[in-house]
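Data block below; observations after.
Counting starts at 1 for both ligands and their atoms, in listed order. Side chains included, hydrogens not; waters and symmetry mates left out as well; all remaining heavy atoms used.
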Amino acid sequence: MYTQAMSVGPQDAASKAEDARLMAAFDARIDAGDFIEAKDWMPDHYRKTLVRQISQHAHSEIVGMLPEGNWITRAPTLKRKAILLAKVQDEAGHGLYLYSAAETLGTSRDQMLDALHTGKAKYSSIFNYPTLTWADVGVIGWLVDGAAIMNQVPLCRCSYAPYARAMIRVCREESFHQRQGYESLLTLMREGTEAQKAMVQDAVNRWWWPSLMMFGPPDDASPNSEQSMRWGIKRISNDALRQKFVDATVPQADILGVKLPDADLKWNAERDAYDFGAIDWDEFWRVVNGEGPMNRERLSTRVKAWNDGAWVREAALAHARKQAAKEQKEAA
Ligand code: BYC
């Protein structure tokens with residue numbers, strides 16, 4: 001016992017000094033704007049923060065397929081159906097890139113999916129609202145994908161390189177998603193009947209505030225922001241991104257001919273930005289904590305899809321085992 005204690009002490013001190021050296025080198029790389037690769041040393045908290053954010057982001061992509069997926073069989077024309085199919089498939093692809101990026105940090109896809117299916121992991125609040133009409137599909141493209149791009153373009157410069165690389169492709173595709181949504185709404189507003197125009201306005205009224213909530217809590221109530229900004233994971237704060245989104249979207253609403261449902265929305269020449277009304281943060285936290293209109297349905301649909309796919313996973317594993325055995329036999 002005594003001799004062990006004697007030998008552990010100096011080792012501890014040596015490993016603490018080594019940790020401090022590694023930490024200082026890591027901070028210097030971040031300050032210099034270097035990208036961190038999967039095999040580089042990184043502090044545990046940096047790794048955990050990235051796993052949390054990237055896995056939540058991946059979950060948002062695959063849960064995000066559900067509200068729009070509901071409209072594939074009811075799209076009004078073949079053209080709209082083909083576009084929607086492509087968009088929903090893109091979201092599945094985004095989920096795959098992001099799960100792969102998170103796996104480079106040492107977590108497994110099974111662990112991440114288990115956290116989603118058991119309700120431990122979060123996904124974006126926005127997907128817990130229902131898609132009641134065809135106009136919702138256009139508005140999701142315009143506002144939800146528009147907000148997503150605003151939030152995700154800075155992530156292309158995230159300090160963790162595998163995440164940054166995944167985001168470059170995601171953003172290119174999101175840009176197409178936003179445009180197709182806006183174009184679909186323009187068609188409804190310019191060529192549609194009065195009832196169709198009213199349907200667009202109703203969808204805008206329902207999606208506007210939840211879209212503003214996508215950027216997360218205000219900066220002074222965002223527990224993760226300070227450290228994530230310090231580490232270059234987040235480059236622009238929640239509130240700054242929300243403001244940029246409002247400023248970009250108001251002129252688009254004017255062109256469309258819809259009214260954004262906020263009596264306090266007005267141009268502020270001094271700030272060179274739009275002022276906007278108070279966000280209902282109680283609603284946001286209710287939705288984040290599982291009490292939104294569609295939380296239960298979204299989760300049970302995901303769990304059912306996972307269970308229904310069990311036979312495919314088993315068949316793929318059996319095939320892989322058979323192939324490996326064959327290759328081993330041939331090599332022998
Ligand atoms: N919904 O300290 P904060 C898409 C959580 S995909 C739910 O500011 P952070 C799309 C937050 O996780 C959209 N939860 O956190 C897909 C944290 O809880 P934990 C998804 C939210 O991480 C398909 C707590 O609140 N995009 O657009 O610094 C089709 C405190 O927040 C939300 C991404 O995931 C929310 N809205 O900042 C169409 C982008 N907001 O984890 C479209 C990547 C906050 O401590 N993620 N929370 O328990 C991010 O940029 C950041 O994680 C966030 C939050 C800005 C979202």
Could you list which atoms of ligand 1 come closer than 4.0 Å to a heavy atom of [X]?
X      : value
Ser125 : 1 (N), 7 (C), 35 (C), 36 (N)
Met213 : 36 (N)
Asn238 : 8 (O), 55 (C)
Tyr163 : 43 (C)
Met214 : 27 (O), 36 (N)

To check your reading of the model: name the closest protein heavy atom to [atom], its residue, and the distance in Å.
atom                    : answer
atom 15 (O) of ligand 1 : Asn224 ND2, 3.3 Å
atom 6 (S) of ligand 1  : Ser60 CB, 3.7 Å
atom 25 (O) of ligand 1 : Trp285 CH2, 3.6 Å

Using 0.5 Å steps for rounding, measure from the [atom1] atom of [X] to the [atom2] atom of [Y].
X      : Y      : atom1 : atom2 : answer
Trp306 : Asp110 : CH2   : CG    : 5.0 Å
Gln152 : Leu241 : CD    : CG    : 10.5 Å
Tyr160 : Met42  : OH    : CE    : 5.0 Å

Remaining members of hydrophobic cluster (4.5 Å side-chain criterion), Ile168: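 Ile168 clusters with nothing; isolated.
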
Geometric N/O contact Ser222 with ligand 1, under 3.5 angstrom: yes

Parallel, tilted or perpendicular: ring planes of His94 versus Tyr97, cut at 30 and 60 degrees: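 The rings of His94 and Tyr97 sit tilted, inter-plane angle from 30° to 60°.
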
Side-chain donor-acceptor pairs of residues 325-332 under 3.5 Å, sequence neighbours excluded:
none

Other residues, nucleotides, ligands: >12 heavy atoms within 6.0 Å of Arg230 CZ: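 Yes - once you tally the heavy atoms of other residues, nucleotides and ligands closer than 6.0 Å, there are more than 12.
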
Over 12 non-hydrogen atoms of neighbours within 6.0 angstrom of NZ in Lys244: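 Counting other residues, nucleotides and ligands, NZ of Lys244 stays at 12 neighbours or fewer.
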
The one among Ala121, Pro223, Cys158 that brings a heavy atom closest to atom 30 (C) of ligand 1: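 It is Pro223 that holds the nearest heavy atom.
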
Option of least heavy-atom distance to atom 37 (O) of ligand 1 (set: Arg235, Arg242, His177, Lys234): Lys234

